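What you see is a predicted model, and the numbers here were worked out from it, not measured in a lab. Letters A, B, ... are given to chains in the order of the sequence lines, protein chains preceding strands, and every chain is numbered from 1.
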Amino acid sequence: MKENIQQLLEQTVAILKQENILPADAMPRIQVDRTKDKSHGDFATNLALMTAKPAGKNPRELAQLICQHLPQSAFIEKTEIAGPGFINFFVADNALTDQLEAAYVDPDLNVTKTTSPQNIVVDYSAPNLAKEMHVGHLRSAIIGDSVVRTLEFLGHHVIRQNHVGDWGTQFGMLLTYMERLQQQGGEISMELHNLEKFYRAAKKCFDEDESFSTRARELVVLLQSGDAHCKELWQQFIDISLAHCQETYDKLGVSLSRSDVKAESSYNDDLQNVIDDLTQQGLLVEDNGAQCVFLDQFKGKDGDPLPIIVQKTGGGFLYATTDLAAIRYRKNVLKVDRVLYFVDARQSLHFQQIFTLAKKAGFATHAMSLEHMAFGTVMGEDGKPFKTRSGDVAKLADLLDEAQQRAYDLVKQKNPDMDQAQLKIIGDVVGISAVKYADLSKTRTSDYTFSFDSMLSFEGNTAPYLLYAYTRVASIFAKAGVAADSIEGEIILNSEQEKVLGNKLMQFNDAVNNVAAKGLPHVMCSYLFELAGAFSSFYEACPILIAEDQAVKNSRLKLAALTAKTLQQGLSLLGIKTLERM
RNA sequence: GUCCGUGUGGCCUAAUGGAUAAGGCGUCGGUCUCCGACACCGAAGAUUGUGGGUUCGAGUCCCAUCACGGAUGCCA
């Protein structure tokens, strides 16, 4: 509907130019907004305010002219000029009901798909395989996955890339520890069952035993030079670590699989080429033994130039090098239009540098959009970065177990008679959803506080509230004995609550497109929470199964069905499952 | 030092430069002989850190300033 008004205004602008009311070179950005206040109609535009100056007219007078030249449309019941020169559009009732009917019969809720599908790499999750995933890995995986789902829903071609860290110096230490275990006749795969413990044990040896640390440094060099023995140990470690990750993804409902892994090590053979390329272009400078690129726009302390170090003293490569190689791969092999990096905000300087350099060196085309989708830190309730009670970094797997256990207890408390298997299923979904939703519902860029109590609350903007709202709708159809997708009759919007719900249902399209454009899933969360609220008010005020007559009943059933479908689709774009009862 | 981010009712959180700053928690008061009250309805509660500026219009943009967090040459 917004698009329709936009088109009408574009036509109007063209007419006004022909009549010399607007200067021919005026190119106003036509902006149509949903109004906050019903008295201002359904949509408003500030077109007259924006073009008043170039037209040399006062805004209200110009608004008048715009309305007079506006092409006729069945969508619009009337227009009004308000305030300093806003034009308010009142949408015809049947236009809204037509849209609702269209959404009802469309499996994709009549969402406008993209007309120009892009190739988009989404670089997310990317844990370091040396250790087990911890709470710090939560946000990238959850938020990235939601944006992936949304982009795919709109028809884009998304390439998931899990840029796992499998090539750092810690691997020398880990391989040495594996070697020792092997020599002592230990069962490595058993020991690796608890990666965290394994890492700590290796670290202890590394710090305390000199022969160990010497061997560890040797093994790094051997590994990177392709030694078969090292490669074998390394591969064994990586396989087990990746299996751990996969378990976590599966439990979390993150749509990453083994085939999406594009590890750091896979760019290994290309790193020297990156250096050579930079050298050829005259971008590389040796400084204190390291190979650096200095870019004018990045200054350090006292205005000194800030280097991007791409090769260490002694020849080692750094993550800047790998990231550059990755960009080049994405340009040359994957031919992408857009790359989204879901990485901690603390790395924003790094990405600014890499993006600037990549464009300058031709590793990315200027048309390629490189976007750092930064996110804040997960805080504990003490306001400091989240830790367990013992002060350790919380293991992600443990955290998810606890969420599920707490959810199980809660649901059991509310449904004492429910059988255990059912409780388990519900608890698992509620627990995971709560963790994901708590993260997704806050603006990506800010820090957020991890709190089991608030995320598992049934009140407020939480997963349990939304899941509950969904089960209420679902139960109507169970009780009515009709299928949600085969309701006869037309939607009729009589009461205030029905109109509010109808309007809210039609805003799903905006929400989806906003999430895709900006990579901000909290927009979807806010929308779904508002939708659930609109439904609850409707549900209180408008009896459905016991409605006064059949036509009203069918109309309300349709609204309920559309609400259920929208909630389910929206939650699914967030990576959250729904339950039929809870 | 420099750069980046954040600062919104007691607490948490929202708002493509638009109209009266929107919700939630908590508080207070209502509503179940009625489709799931894990719900709904209502009330109180805000000069958007501070001071300037741009604009017809600023929580949003610019400058200054304060507070907190982060980054800042061989980890990622």
Between K518(A) and M373(A), what is the shortest heavy-atom contact and its length?
O-SD, 3.8 Å

A76(B) base to D323(A) side chain: any donor-acceptor pair below 3.5 Å?
no

Would you say whether Y468(A) stacks on C38(B)? The test is a distance between ring centres of less than 5.5 Å and an angle between planes of less than 30°.
yes

Taking only the side-chain nitrogens and oxygens of H350(A), find out if one of them lies under 4.0 Å from OP1 or OP2 of U72(B).
no

Paired to A43(B) by Watson-Crick or G-U wobble criteria (both distances under 3.5 Å) is U27(B)

Return no unless some side-chain N or O of K312(A) is found under 4.0 Å from OP1 or OP2 of C75(B).
yes

Has F86(A) got its ring stacked on the base of A19(B), with centres under 5.5 Å and planes less than 30° apart?
yes

Side chain of L349(A), heavy atoms from C-beta onward: which of G24(B), C4(B), A71(B) has the nearest atom to it?
A71(B)

Would you say that more than 12 heavy atoms from the other residues, nucleotides or ligands in this model lie under 6.0 Å from the NZ of K558(A), or not?
yes

Does the base of G18(B) carry an N or O that pairs as donor and acceptor with the side chain of N46(A) under 3.5 Å?
yes

Nearest to the side chain of R581(A), heavy atoms from C-beta on, is which of C56(B), G36(B), C40(B)?
G36(B)

Using a heavy-atom cut-off of 4.0 Å across all strands, would you classify A126(A) as base, sugar-phosphate, or nothing?
nothing

Is the distance between the ring centroids of F342(A) and F375(A) under 6.0 Å?
no

Please check the phosphate of C3(B) (OP1 and OP2 only) for any side-chain N or O of K299(A) closer than 4.0 Å.
no

Measure from the side chain of F294(A), starting at C-beta and using heavy atoms only, and say which of A19(B), G73(B), A76(B) lies closest.
G73(B)

Is there a side-chain contact between C245(A) and P127(A) in this structure, where contact means two heavy atoms from C-beta onward sitting under 4.5 Å apart?
yes

Quick one: is C12(B) close enough that its OP1 or OP2 comes under 4.0 Å of any side-chain N or O from K442(A)?
no

Cation-pi between K78(A) and F89(A): NZ/CZ under 6.0 Å from ring centre and within 45° of the ring axis?
no

Donor-acceptor pair (no angle test) under 3.5 Å: S536(A) side chain, C40(B) base:
no

Just compare A19(B), C25(B), C74(B) and give me whichever is closest to any side-chain atom of T313(A).
C74(B)

Counting any heavy atom closer than 4.0 Å, what does F298(A) reach on the DNA or RNA strands: base, sugar-phosphate only, or nothing?
nothing

Of A19(B), G18(B), C74(B), the nucleotide closest to the side chain of A44(A) is A19(B)

Test of ring centre spacing under 6.0 Å for Y267(A) and H163(A)
yes

Heavy atoms from C-beta onward define the side chain here; which of G73(B), A19(B), G36(B) lies closest to that of C292(A)?
G73(B)

Quick one: label N288(A) by what it contacts on the DNA or RNA (base, sugar-phosphate, nothing), any heavy atom closer than 4.0 Å.
base

Heavy-atom donor-acceptor pair, S475(A) side-chain to G36(B) base, under 3.5 Å:
yes

Using the aromatic ring of Y539(A) (for Trp, its six-membered ring), decide whether it stacks on the base of C40(B) within the limits of 5.5 Å and 30°.
no

Any base atoms under 4.0 Å from K414(A), or only sugar-phosphate, or nothing? Heavy atoms, all strands.
base

